[in-house]
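The structure appears below as structure tokens.
Atom set for the values below is all heavy atoms of this structure, side chains included, hydrogens, waters and symmetry mates excluded.
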There are 2 protein chains.
Amino acid sequence: MEAATIVDALGHAGYRLTTPRRALAELIAGRRGHFTADELLVESRRRRLGLTRATVFRSLDVLADLELVERLDLPSGEHAFVACHPSQQHHHHLVCSSCGRSTEVADDGFEAVAASIARSTGYRVDVHRLELFGLCPSCRASA
Amino acid sequence: MEAATIVDALGHAGYRLTTPRRALAELIAGRRGHFTADELLVESRRRRLGLTRATVFRSLDVLADLELVERLDLPSGEHAFVACHPSQQHHHHLVCSSCGRSTEVADDGFEAVAASIARSTGYRVDVHRLELFGLCPSCRASA
DNA sequence: ATTTTTGCAAACCTTTTGCATGGAA
DNA sequence: TTCCATGCAAAAGGTTTGCAAAAAT
């Protein structure tokens with residue numbers, strides 16, 4: 001994910017392009033895998049970008065609304081985020097437990113499963129959350 | 001879920017059968033849908049069961065280890081738990097957004113999806129979390 | 001008698017909020 | 001110039017912890 005992509009999307013959505021938001025876009029763009037609000041904050045201090053905790057949270061909130069990042073609940077219970085590509089169809093994330101890198105996975109096959117669950121239970125299924133964790137190819141190789 | 005089921009499972013796993021644990025088992029047995037640690041605590045105070053906050057959390061932790069309850073992350077971001085049947089095969093929860101009731105869903109069709117995702121990405125998929133939310137039949141009817 | 005479990009209260013961590021100031025449009 | 005966004009610092013949740021006392025085995 002490039003910083004410019006994030007900045008553009010913010011502008012396009014009518015949000016003001018402030019220095020903190022540009023800085024945060026850079027930070028997120030520099031991340032390979034998932035990250036927490038606190039990690040961004042620490043990194044911003046290291047680089048002297050002057051972001052505030054409140055701003056990090058508020059901005060992540062905006063970015064989540066725009067689907068530029070997605071909230072993850074890691075198996076450890078930690079909350080984290082991953083950058084993801086906007087205006088794309090519904091998808092899920094496959095996260096490497098070792099390096100944290102994440103891959104977007106199409107929802108394809110899963111739609112049918114959800115439909116069949118709806119049919120057999122009588123529920124109307126509105127939302128589903130699917131998160132997959134494992135080892136990415138390169139971490140498998142070095143394991 | 002019956003309280004005795006929980007108590008038996010605790011005993012079977014070598015945990016001591018204390019008054020607070022029995023009380024908690026009752027509280028959980030009395031729940032229809034999902035619940036938070038705090039809800040159990042409030043209910044325990046109402047019924048004068050004398051449970052402590054720390055004990056509720058510690059016990060839920062044990063029960064989660066034994067897979068007698070499962071942690072949920074609701075779409076709202078809240079953490080909650082649902083009682084579930086132990087020693088059963090891997091399954092997921094379908095939660096009613098209206099009444100909170102939850103249904104266990106077999107993993108069947110999903111296994112194939114996970115396998116195909118592993119194949120196409122090269123990842124080794126170890127863990128997946130799937131949570132479904134919607135309206136249960138009875139809430140659909142009254143909607 | 002031994003070991004686990006509990007209560008208590010404080011600590012901890014993450015996330016949110018109010019309000020005055022500063023900056024973008 | 002108008003309205004949105006930020007900083008600050010405090011509050012708010014939710015969850016965990018240390019330790020001595022109490023209870024289970």
Side-chain angles (χ1 to χ4, degrees), chain A residues 6-28 34-45 47-66 68-82, chain B residues 6-28 34-45 47-66 68-82:
Chain A
I6 298 176
V7 174
D8 288 353
L10 280 171
H12 201 266
Y15 290 95
R16 298 194 174 169
L17 302 180
T18 65
T19 306
R21 284 182 179 155
R22 289 177 197 278
L24 196 75
E26 287 295 339
L27 288 179
I28 292 176
H34 53 69
F35 50 85
T36 64
D38 193 61
E39 284 166 3
L40 294 182
L41 189 60
V42 167
E43 176 76 3
S44 109
R45 282 203 272 253
R47 295 208 215 161
R48 311 261 137 81
L49 299 178
L51 283 174
T52 300
R53 189 183 308 280
T55 299
V56 171
F57 278 102
R58 286 191 276 231
S59 300
L60 283 172
D61 223 40
V62 168
L63 296 180
D65 278 351
L66 298 180
L68 290 160
V69 301
E70 187 169 311
R71 289 173 209 279
L72 291 184
D73 297 289
L74 304 184
S76 67
E78 257 189 319
H79 285 176
F81 297 84
V82 277
Chain B
I6 299 176
V7 173
D8 288 353
L10 280 171
H12 200 265
Y15 289 95
R16 296 193 175 172
L17 302 180
T18 65
T19 306
R21 284 182 179 153
R22 290 177 196 278
L24 197 75
E26 287 295 339
L27 287 180
I28 292 177
H34 52 68
F35 50 86
T36 64
D38 192 62
E39 283 165 4
L40 294 181
L41 188 61
V42 166
E43 176 76 2
S44 109
R45 282 202 272 251
R47 295 207 215 162
R48 310 264 138 77
L49 299 177
L51 284 173
T52 300
R53 189 184 308 282
T55 300
V56 171
F57 278 101
R58 286 191 277 231
S59 300
L60 283 172
D61 223 41
V62 169
L63 296 180
D65 279 350
L66 298 180
L68 291 160
V69 301
E70 187 170 311
R71 289 174 209 278
L72 290 184
D73 296 289
L74 304 184
S76 66
E78 258 189 318
H79 286 176
F81 297 84
V82 277

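Between A:Arg58 atom CZ and D:dA9 atom C1' there is a gap of 12 Å when expressed in whole angstrom units. Remark: P of C:dT5 and CG of B:Leu10 are 10 Å apart, rounded to the nearest angstrom. Separating the CG atom of A:Leu74 from the P atom of C:dC13 is a distance of 18 Å, rounded to the nearest angstrom. For B:Arg22 and D:dA23, the CZ to P distance is 15 Å, given to the nearest whole Å. Atom pair B:Leu51:CG and D:dT15:P shows a separation of 16 Å (rounding to whole Å applied). If you measure from atom CG of B:Asp38 to atom P of D:dA12, you get 15 Å, rounded to the nearest angstrom. Atom-to-atom, CZ of B:Arg53 to P of C:dA10 comes out at 13 Å; the value is rounded to the nearest Å. Remark: C1' of D:dT17 and CG of B:Asp61 are 13 Å apart, rounded to the nearest angstrom.
Place A:Ala54 and B:Arg71 on DNA chain D by their nearest nucleotides, and A:Ala54 ends up nearer the 5' end. Along DNA chain D, the nucleotide nearest to B:Phe81 and the one nearest to B:Leu17 differ in position, and the one closer to the 5' end is contacted by B:Phe81.
Taking only side-chain atoms of B:Phe57, from C-beta outward, the nucleotide of C:dT17, D:dT6, D:dT16 with the closest atom is D:dT16. Among the nucleotides C:dT5, C:dT6, D:dC3, the one closest to any side-chain atom of B:Tyr15 is C:dT5. Ranking C:dC8, D:dA9, C:dT6 by closeness to the B:Thr55 side chain, first place goes to C:dT6. Residue B:Arg16 places its side chain closer to C:dT5 than to any other of C:dT5, C:dC8, D:dT6. Looking at the side chain of A:Ser59, the nearest of the listed nucleotides D:dT15, D:dT17, D:dT6 is D:dT6. Minimum atom distance to the side chain of B:Pro20 is reached by C:dG7, of the listed C:dG7, D:dT25, D:dA5.
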**Study point:** Steps toward side chain to side chain contact (heavy atoms under 4.5 Å, CB included) verdict (A:Arg71, A:Asp61)
**Key:** CA-CA 9 Å; A:Arg71 289 173 209 279; A:Asp61 223 40; 2.7 Å; yes
**Study point:** Check against side chain to side chain contact (heavy atoms under 4.5 Å, CB included), B:Ile28 and B:Leu68
**Key:** CA-CA 10 Å; B:Ile28 292 177; B:Leu68 291 160; over 6 Å; no
Point to revise | Derivation and outcome, side chain to side chain contact (heavy atoms under 4.5 Å, CB included), residues A:Leu40 and A:Leu60 | key: CA-CA 10 Å; A:Leu40 294 182; A:Leu60 283 172; 4.1 Å; yes
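Considering CG of A:Leu49 and CG of A:Leu24, their distance stands at 9.5 Å, rounded to 0.5 Å.
Residue A:Ala13 comes nearest to A:Leu66 through the heavy atom pair CB-CD2, 3.8 Å, listed as atom of the first residue, atom of the second, then distance. Closest approach of A:Ala37 to A:Val56, counting heavy atoms only: O-CG1, 3.7 Å. A:Ser44 and A:Leu27 make their closest contact through CB-CD1, 3.6 Å (heavy atoms, listed as atom of the first residue, atom of the second, distance).
One N or O on the side chain of B:Thr36 and one on the backbone of B:Glu39 form a donor-acceptor pair closer than 3.5 Å.
Distances shown here put every side-chain N or O of B:Thr52 at or beyond 4.0 Å from the OP1 or OP2 atom of C:dT5. In this structure, B:Thr18 reaches the C:dT6 phosphate: one of its side-chain N or O atoms is under 4.0 Å from OP1 or OP2. Under 4.0 angstrom from either OP1 or OP2 of C:dT14 there lies no side-chain N or O belonging to A:His79. OP1 or OP2 of C:dT6 has at least one side-chain nitrogen or oxygen of B:Arg21 nearer than 4.0 Å. Contact between the side-chain N/O atoms of B:Thr36 and the OP1/OP2 oxygens of D:dG14 is not found at any separation under 4.0 Å.
Rounded to 10 degrees, the angle separating the terminal helix axes of the helix from C:dA1-D:dT25 to C:dA25-D:dT1, each built from five base pairs, is 40°.
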